[in-house]
Amino acid sequence: MIRTALLVAGKDLRIERRSRVLLWQVVPFGVIALVLCGLALGPVGVSRATAGPGLFYLVTLLVTLLMITRSHAIERTAGTRSSVATLGLDPAGVFLGKALALAIELWITGLVLLAGSVLLLHTSLHGTVKALPSIIVTLGALAAVGTIYGALTAGDSGAGTLLPVLALPAFAPLLIAGERSFRAALNGGGVWEWWLIVTVALVAYLSAGILLYGVLEES
Amino acid sequence: MKLLSQRLLGPLTLVSLALTVWMGLVVTPPDRTQGDLARLVYVHPAIAWVALYLSFGTATVASILYLWRRTRSLVADQVAHCAMEVSLVFIVLTLITGSIWGRPTWGVWWAWDARLTSSAILGVLAVGYLALRRANDDPTLRARRSAVFAVLSAINVPIIHFSVLWWKTLHQGATVFTANRSLKIHGSMAWTLLLSFVAFTLLFVWLLRARYRLEEQRTVSQTSSLSVALEQRRREGAH
């Protein structure tokens, strides 16, 4: 399972490195969305700093939706699915691999968005560094959820519009826990309570994905 | 016996609902602090019971049965679909009756309360389930994907149930199943509350049965219209 996961993650990341969709499309979209959030809040710096954690996660959710669509579009190219089926790869390994690749992409994008949040929204750098462990776990959980929901809608008519309807309600608890944890780190409060909730969510969604991904990929 | 229960279900549901209305509006007294507004307790909790536990629970169990190879059948998928539709109707009714109570009590139609928000999310998930079904033409793929989605969405139900304990919420805590098992409602009010749960449970069974029969007829109609179309094409080919 682990070997398959590493194989699939490596394949997805190699495709991403060659196509540079993340670099030229997804990251710029995230930065533009963050700038627009700053503009929407108006010129008062304090409100931007207060809203920083929420806006960071909101933009991250939008970016995640783009990445999920992209991640499953790779599998839809001619012959890919039949090749994967012929190879007899463990579906749990395929799920873990796709989730890992998505998580790595999200961590990279997240770093850029955090830098943008510090520079544009004046979020405290010290608090942001303190919030990093919880952000890493939250983005990992988003990748796990996203991979399941991406497989649910892959190839459907109107998958692009259906994915947000299905995935955003599932993202909501992660958004709340991630935002509270980030805010607690900025205000000098305890972050571990929320960090624990996100970790439990990560484990739950990874387990669900390992159990159910095979059913979704059955032909 | 089966025919008798089928014939009795409708009238029994209507009688129990009428009895609930009569007891709730005429027999029970107004509450000491909330006055007539408290009468919503004979409607709102029973509707929420059907929405969250009966309908969503039925949809989840049917979905699990579909996912398990030994019990996999399109009947389980159809039951899950019908139960989810009933659930959506009752989730919307739960939110509406809750808002009617919230406006005079909290001063707002909607509050960002954990119980309210998580219930609204469940409603969006039910809409998502129905949208997912519409996006697929292949019955097997549709059944498989919707079953997985229903099971994943069911995680929300315990969150809604325990939200009043886990967070500081505006929504009141349990009235009947309290932590120390002491009832917070007595006399005719308690009996009317119990009757409302029976009445709405019967209504759920009635609606689910009617919706399932409709689904069966729709499937038969689709199959027969396909056969007619194929027969017509064959005749055209013969000429």
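Chain letters run A, B, ... following the sequence lines, proteins first and then strands; every chain starts at 1.
Taken from CG in B:L132 to OH in A:Y149, the straight-line distance is 10.0 Å, to the nearest 0.5 Å. Here A:L162 contributes atom CG and B:R134 contributes atom CZ; the two are 12.0 Å apart, rounded to the nearest 0.5 Å.
A:L168 does not touch chain B: none of its heavy atoms, backbone or side chain, sits under 4.5 Å away.
Residues A:L212 and B:L152 are in side-chain contact: their nearest non-hydrogen atoms beyond the backbone lie under 4.5 Å apart.
A:L216 and B:R144 get closest at one heavy-atom pair: O-NH1, 4.0 Å. Taking both residues in full, the closest heavy atoms of B:Y129 and A:L166 are given as N-CD2, 4.4 Å, listed atom of the first, atom of the second, then distance.
In terms of non-hydrogen atom pairs under 4.5 Å with chain A, the most contact-rich of B:I155, B:N156, B:I121, B:V127 is B:I121.
Annotation for B:W110: atom CH2 counts as buried by contact number, over 12 foreign heavy atoms lying within 6.0 Å. Counting non-hydrogen atoms of neighbouring residues, nucleotides and ligands closer than 6.0 angstrom, the CZ atom of B:R209 exceeds 12 such neighbours.
Residues that satisfy the ring-ring contact (aromatic ring centres under 6.0 Å, His included) test with A:W195, not counting sequence neighbours, are A:W192.
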